[in-house]
Q: 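First the structure, then my questions, so here it is.
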Amino acid sequence: MTPNPILFAALLVPALLFFCYSLWRRLSLVRLGQPENRFDNIGVRIHEMLLYAFGQKRVVAKPFGINHFVIFWSFMVLLIANGAFILEGLIPGFSLEALPKPLYQSLMLLFDLVSAATIIAITLSFGRRLIFKPDYLDSRYVKARSFEGFFILSCIALLMLAYFGLHGALLAVMGQSHGYMPVSSFVATLLKNSPLADQLFPFATWSWWLHAGVLIAFICFLPVSKHMHIITAIPNCFLRNLEPIAIPPKEQFAPGNSYGVGKIDDFTWKDLFDSFSCTECGRCQAACPANATGKSLNPRQVVHSLKANLMAVAQEIRNGKTPTTPLIDGEGEGSNTEETIWSCTTCGACLEQCPVFIEQMPKIIKMRRYLVEMQASFPEELLNLFENMEGRSNPWGIAPTERGKWAATMNVTPFEQGKTEYLFYVGCAGSFDSRQKQVTVAIATLLDAAGISWGILGKDEQCCGDSLRRLGNEYAFDKMAQENVRLFQERGVKKIITQCPHCFSTLKNDYRQYGIELEVIHHGQLLDQLMSEGKLKTTNQGEALGRIIFHDSCYLGRHNNIYDQPRNALAQATGKQPLEFARNRNQGFCCGGGGGRMWLEEHTGSRININRVEEALAKNPDTVCVACPYCLTMFEDGLKDKQSSQTKVKDLAEIIAETVRG
């Protein structure tokens, strides 16, 4: 049927023009951002887009994601159906029936089944928002339960109902029933036996216009709503960061340069594109440890604020004026508070969860850089840290000559090129923290027991600079990284063992920006290897340690995808697999010490380490096994607060050392 093509064209053409204008108006703002290359490795990018956008890999990782998978693919299939609907409405006589019969019938069967599946999926989506909703839908960020969310769901539902109304009525008018249109045929039967039996053709006409009206409304609303992600999410998967971790970009220090991000056009075009690609699903918010413990940080809100700020100040920037809506200020639409920016632990949970690869955490680090380097505005607790780091290259400001004192009772030799294979990069905590020094000794003992050739730098070792970089003090980090790289090159260092995942990640990943490729291995990996090769033999299975639960370090796990080796080492040492936290591996919960938060108090909400300790105690362990100095400290502090003295915290190396020495 072709109801009034002139009237339909008069409504559709302005809608399409509005769609194109709105889309151009928003996407053209992306050009305000700074340059960034996201078009390398085209083959890999196409693969990733197919896997994550069309395959919906991250979406279906959550059980309810299957519902979105159904809606996504129904949308893709029904693009053909709606394209045909538009052509039929504009061109009298146009019909898919002109296609070869097998193809036509196959398409109609597909449209029928997909439309029915969509109605079921939309019903479940309504139910999830109204009845069995997750906790984060009740947060201050409630776009998923806003008018906008319900409007879109209603539009999709009406499109499907109109589809069946139209085709069911037409089949009823013709007195036909087709096996290749089972749902429409069923609707036809219902209509013939309903009070509408005498009004089938007017009902078909009404359904056609309902379908046309909703389709036109959808076309107009899509580019001005959060559902613009339907257009941007697929290319955003193509443009994703291909590195295993989001490494902060290197700054070029020169007089007159500006550092970090203080206004929206300081971000790169990809950062701005991210803001239009956010599906606002809330997965990043649900995974964020700061948000879970009552801090003001909500990764979803941060991304939304970038979009709101860009929309508000774009014309001012184009006119060369100072933006009237600040990017960093008090709480408000388009602005982020400093408290929000300093709340991030850089655990990477938001990056891991986002189905379309929005890069929330790197944007926060860029804003930290601006606060530190351009405004000298940072929490007071960081002042001593920065001074100690810059003066003595460790957080506590202890004299460098103290670095090697942990080895006073051991026969430890300096690293010498050609004589020692590995540099044991002890790190600040391993050198100065009294508790972590026990871990250092345990690792050194195991290396000797396995016959590994290793040495240390002693007083010449410097901090790797991880906390400085995550806290935004890029200038101090840059200086430290250059000095370390120069030292490694002078000493001929090529293989490094670390006991700290933050040192591991910084030396392995960040230092590549400084022209050095190091073979860095975390002691969790090395111990697994040594035990598998039989170079470390256990004499007991650590029965005194009781039930052991393993905690994933964010910088070992999520940032570097190392999950199995520490568990394998633990299992080989104790003869059994460790207990698992409810949130483990890539879903693991931060200890609260990363991103420089080790040196900051938590003034808002509850403490992140307490949250994690309570999760551990729910499994009633005797020992919590960690593989990171920060995690060790945070767990010990948390267990003291919970007065749970019966539960101990030990590093993986300490546990294995106990099983080896008997």
Side-chain angles (χ1 to χ4, degrees), residues 244-245 347-348 352 422 424-425 427 429-430 436 438-440 442-447 449-450 452 496-505 507-509 519-536 538 541-542 545-591 593-594 612 615-616 619 621-636 648-660:
I245 177 179
C347 69
E352 181 74 27
Y422 287 97
F424 180 19
Y425 184 85
Q436 189 64 27
Q438 297 174 31
V439 178
T440 307
I443 293 172
T445 303
L446 291 171
L447 294 179
I452 299 296
I496 295 180
I497 300 166
T498 71
Q499 61 180 298
C500 173
H502 298 266
C503 299
F504 168 81
S505 192
L507 298 177
K508 181 182 178 66
N509 301 312
E519 182 182 329
V520 188
I521 185 167
H522 182 263
H523 74 275
Q525 296 173 289
L526 182 60
L527 293 177
D528 175 42
Q529 178 186 326
L530 296 176
M531 298 196 76
S532 298
E533 293 172 350
K535 293 180 179 177
L536 286 177
T538 57
Q541 293 190 327
L545 298 165
R547 289 158 51 89
I548 302 173
I549 189 169
F550 182 75
H551 163 78
D552 287 288
S553 152
C554 300
Y555 272 72
L556 200 59
R558 263 195 301 266
H559 283 242
N560 287 285
N561 199 33
I562 298 171
Y563 297 107
D564 291 332
Q565 293 97 323
R567 287 175 168 82
N568 291 342
L570 196 54
Q572 290 185 77
T574 62
K576 54 182 179 293
Q577 294 293 330
L579 300 173
E580 295 285 358
F581 282 75
R583 297 170 289 187
N584 60 63
R585 293 182 175 262
N586 66 336
Q587 309 291 320
F589 196 75
C590 181
C591 73
R612 190 59 164 167
E615 186 180 353
K619 294 295 180 78
D622 298 296
T623 303
V624 178
C625 177
V626 298
C628 170
Y630 292 171
C631 299
L632 182 67
T633 301
M634 299 304 268
F635 266 98
E636 289 201 331
K648 307 297 180 188
V649 185
K650 288 187 177 290
D651 187 274
L652 174 65
E654 293 180 297
I655 291 175
I656 294 179
E658 286 193 30
T659 64
V660 169

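Starting from 1, each residue takes its place in the sequence as its number.
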Q: Looking only at heavy atoms, which two atoms of His551 and Cys591 are closest? And how far apart?
A: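 Heavy atoms only, the tightest pair is NE2-CB, 4.1 Å.
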
Q: Is the backbone N or O of Val439 less than 3.5 Å from a side-chain atom of Gln499, with the two atoms forming a donor-acceptor pair by type?
A: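 Checked: no pair found.
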
Q: Just do the side-chain contact (heavy atoms from CB on, under 4.5 Å) check on Leu556 and Cys628 with the steps written out, would you?
A: CA-CA 9 Å; Leu556 200 59; Cys628 170; over 6 Å; no

Q: I need the Ile562 CD1 to Ile521 CD1 distance, nearest 0.5 Å.
A: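 One finds 8.5 Å between CD1 of Ile562 and CD1 of Ile521.
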
Q: Run the side-chain contact (heavy atoms from CB on, under 4.5 Å) test on His522 and Gln565 for me, step by step, so that the C-alpha distance in whole Å, both residues' side-chain angles and the decisive distance to 0.1 Å come before the verdict.
A: CA-CA 10 Å; His522 182 263; Gln565 293 97 323; over 6 Å; no

Q: Show the numbers, then the answer: is there a side-chain contact (heavy atoms from CB on, under 4.5 Å) between Arg612 and Phe635?
A: CA-CA 8 Å; Arg612 190 59 164 167; Phe635 266 98; 3.4 Å; yes

Q: Looking at every heavy atom in both Phe504 and Val520, which two are closest together, and how far apart are they?
A: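 What the structure gives for the nearest pair is CE1-O, 3.4 Å.
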
Q: Please check if any side-chain donor atom of His559 sits under 3.5 Å from a side-chain acceptor atom of Asn509, or the reverse.
A: no

Q: Starting at CD of Gln577, measure out to CD1 of Ile548 and round the result to the nearest 0.5 Å.
A: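 These two atoms lie 11.5 Å from each other.
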
Q: Mind checking the CD1-CG spacing from Ile452 to Leu530? Nearest 0.5 Å is all I need.
A: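 Ile452 CD1 to Leu530 CG: 4.5 Å, rounded to 0.5 Å.
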
Q: Gly524 and Ala569: which non-hydrogen atoms are nearest, and at how many Å?
A: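 Looking at all heavy atoms of both residues, the closest pair is O-CB, 4.3 Å.
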
Q: Tell me which one of Asp528, Leu527, Leu447 satisfies side chain to side chain contact (heavy atoms under 4.5 Å, CB included) with Leu536.
A: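 The side chain to side chain contact (heavy atoms under 4.5 Å, CB included) with Leu536 is passed solely by Leu527 among Asp528, Leu527, Leu447.
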
Q: Are any side-chain N or O atoms of Thr538 and backbone N or O atoms of Thr659, one a donor and one an acceptor, separated by less than 3.5 Å?
A: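 Pair absent, no side-chain N/O of Thr538 close to backbone of Thr659.
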
Q: Have a look at Tyr555 and tell me which of Cys503, Cys631, Pro501, Cys590 forms a side chain to side chain contact (heavy atoms under 4.5 Å, CB included) with it.
A: Pro501

Q: Going by the rule side chain to side chain contact (heavy atoms under 4.5 Å, CB included), which residues pair with Asp564 if we only count those two or more places apart in sequence or in a different chain?
A: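 With neighbours one apart ignored, the set is Asn568, Arg585.
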
Q: Quick check: does any side chain N or O of Arg558 sit under 3.5 Å from a backbone N or O of Asn586, one acting as donor and the other as acceptor?
A: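 A pair under 3.5 Å: yes.
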
Q: Can you tell me how far apart CD (Gln525) and CG (Asn560) are? Round to the nearest 0.5 Å.
A: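 So the gap between those two atoms works out to 8.5 Å.
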
Q: For Ile655 and Lys650, which heavy atoms make the closest approach, and how far apart are they?
A: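 Nearest pair, atom of Ile655 first, then Lys650: CG1-CB, 3.9 Å.
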
Q: Determine whether Asp552 and Phe581 satisfy the following criterion, side-chain contact (heavy atoms from CB on, under 4.5 Å), listing intermediate values before the conclusion.
A: CA-CA 9 Å; Asp552 287 288; Phe581 282 75; over 6 Å; no

Q: Testing the basics here: between Ala627 and His523, what is the closest heavy-atom pair and its distance to 0.1 Å?
A: O-CE1, 4.2 Å

Q: Please report the shortest heavy-atom distance between Ala616 and Val624, naming the atom on each side.
A: CB-CG2, 4.4 Å

Q: So how far is it from Gln436 CD to Asp651 CG, rounded to the nearest 0.5 Å?
A: 6.0 Å

Q: So His502 and Tyr630, would you call those rings parallel, tilted or perpendicular, with 30° and 60° as cut-offs?
A: tilted

Q: Report the residues that fulfil side chain to side chain contact (heavy atoms under 4.5 Å, CB included) with Glu580, sequence neighbours left out, ordered by chain and then residue number.
A: Arg567, Asn584

Q: Look only at the side chain of Glu654 and the backbone of Ala442, and say whether a donor-acceptor pair between them is shorter than 3.5 Å.
A: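 Not confirmed, Glu654 side chain does not pair with Ala442 backbone.
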
Q: Measuring from Gln541:CD to Glu658:CD, what's the distance to the nearest 0.5 Å?
A: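 The CD atom of Glu658 is 13.5 Å from CD of Gln541, to the nearest 0.5 Å.
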
